Amino acid sequence: MANSQLDSLDYKILEMLSANARKPYLEIARECNVSGAAIHQRIQKLYSIGVITGSESLIDPSTVGYDTCAYIGFFLKDPSQFDQVIERLKKIPEVVECHITTGQYDMFIKIYAKNNRHLMSIIHGKLQNLGLARTESLISFKEVFKRQIPITPEEEE
């Protein structure tokens, strides 16, 4: 569902920020032909209504020793334990994403480990005691690309 509170300027700002979150407000203002103050107000509005939820510096995991990326599908013994499992997963720093899913798995996580031995120790030492019936793991050999969602105004869809 598109957000009716957004106009074409908001979408243009979002497009620029999704390409480069560190782009200076004054540069955005020049490209949009508005004042820096107007851009600042618009970006604050986008934060306040929850369109922008934060900004982050992305770190290449392999440059800091995390060479193994895996996706693990969980089958819970007791599906009523979602909240408890999620809270325990939040305490495992190597788990970087967690999704409640439909289909084959109850939950799906993305995890980074230093190597396969480290991954195995996380699975055996931290994940197995979460109340899982079983898991299925997929190891990613290489991330080919990662991108933001496309930013298009409602009328362009």
Side-chain angles (χ1 to χ4, degrees), residues 1-74 82-119 121-123 126-127 130 135 137-157:
M1 179 172 104
N3 190 331
S4 61
Q5 296 175 318
L6 303 181
D7 64 17
S8 60
L9 178 57
D10 293 322
Y11 280 103
K12 189 167 184 177
I13 292 167
L14 289 171
E15 185 176 24
M16 285 188 244
L17 289 176
S18 69
N20 178 5
R22 296 180 63 177
K23 189 167 197 164
Y25 287 6
L26 287 177
E27 192 174 323
I28 295 170
R30 277 192 290 278
E31 290 182 37
C32 293
N33 295 317
V34 297
S35 71
I39 294 300
H40 181 75
Q41 288 173 340
R42 289 294 185 113
I43 291 173
Q44 292 308 310
K45 176 190 88 168
L46 293 168
Y47 274 104
S48 70
I49 64 175
V51 175
I52 300 175
T53 58
S55 60
E56 59 188 336
S57 296
L58 301 176
I59 298 166
D60 179 344
S62 65
T63 65
V64 291
Y66 287 83
D67 291 326
T68 300
C69 174
Y71 297 88
I72 303 174
F74 291 170
F82 275 106
D83 292 338
Q84 292 86 343
V85 172
I86 291 167
E87 288 309 310
R88 291 177 65 191
L89 285 170
K90 287 179 181 178
K91 295 176 182 171
I92 303 171
E94 295 89 352
V95 176
V96 297
E97 290 182 24
C98 176
H99 303 268
I100 296 173
T101 62
T102 63
Q104 185 173 0
Y105 308 110
D106 295 317
M107 300 175 82
F108 201 71
I109 66 167
K110 181 177 182 181
I111 186 170
Y112 281 100
K114 293 182 182 291
N115 51 44
N116 288 348
R117 187 174 334 137
H118 183 218
L119 177 62
S121 74
I122 294 167
I123 292 170
K126 298 179 181 180
L127 298 180
L130 294 177
T135 64
S137 301
L138 304 167
I139 293 178
S140 170
F141 290 129
K142 179 181 178 181
E143 182 178 281
V144 179
F145 68 87
K146 181 178 181 175
R147 61 179 164 210
Q148 291 277 6
I149 58 167
I151 305 298
T152 55
E154 189 174 344
E155 57 272 2
E156 289 183 21
E157 294 176 357

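Just so we're clear, the structure is a prediction, and the values are computed from it rather than from any experiment.
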Residues Arg30, Glu27: salt bridge by 4.0 Å N-O rule: no
Considering all heavy atoms of both residues, which atom of Met16 and which atom of Cys32 are nearest to each other, and what is their separation? CE-SG, 3.2 Å
Between atom CD1 of Ile28 and atom CD of Glu15, what is the distance when rounded to the nearest 0.5 Å? 11.5 Å
How close do Met107 and Thr101 get, counting heavy atoms only, and between which atoms? N-OG1, 4.0 Å
Minimal non-hydrogen separation, Tyr11 against Thr152, with atom names: CE2-O, 3.3 Å
Measure the spacing between CG of Leu9 and CG of Asn33 and express it to the nearest 0.5 Å. 10.0 Å
Exercise answer: donor-acceptor pairs, residues 61-72 side-chain atoms, under 3.5 Å, sequence neighbours excluded:
from	atom 1	to	atom 2	distance (Å)
Ser62	OG	Asp60	OD1	3.0
Thr63	OG1	Asp60	O	2.6
Thr68	OG1	Asn116	OD1	3.4

Would you compute the distance between atom CD1 of Ile100 and atom CZ of Phe82 and round it to the nearest 0.5 angstrom? 5.5 Å
Sorted by chain and number, sequence neighbours left out, salt bridge (Lys or Arg N to Asp or Glu O under 4.0 Å) with Glu97 holds for none
Between the CG atom in Leu26 and the OG atom in Ser35, the distance rounded to the nearest 0.5 Å is 9.5 Å
Could you work out, with side chain to side chain contact (heavy atoms under 4.5 Å, CB included) as the rule, every residue matching Asn20, not counting sequence neighbours? Arg22, Lys23
Could I get the full list of side chain to side chain contact (heavy atoms under 4.5 Å, CB included) partners for Lys91, not counting sequence neighbours? none
Interatomic distance, Ile39 atom CD1 to Lys12 atom NZ [nearest 0.5 angstrom]: 9.0 Å
Nearest 0.5 angstrom please: Ile111 CD1 to Leu127 CG, how far? 5.5 Å
Close side-chain approach of Ile92 and Ile109, heavy atoms under 4.5 Å: no
Step-by-step side chain to side chain contact (heavy atoms under 4.5 Å, CB included) determination, Val34 to Gln41: CA-CA 11 Å; Val34 297; Gln41 288 173 340; over 6 Å; no
Are Ile122 and Val95 packed together at the side-chain level, in the sense that at least one heavy-atom pair is separated by less than 4.5 angstrom? no
Using the side-chain hydrogen bond (donor to acceptor under 3.5 Å, both in side chains) rule, collect all pairs that involve residues 43-59, keeping only residues at least two apart or in two chains. Asp10-Lys45
By the salt bridge (charged side-chain N to carboxylate O under 4.0 Å, His left out) test, which pairs, at least two apart or in different chains, include something from residues 98-110? Lys110-Glu143
Do Leu17 and Ile43 make a side-chain contact, defined as non-hydrogen atoms from C-beta onward lying under 4.5 Å apart? yes
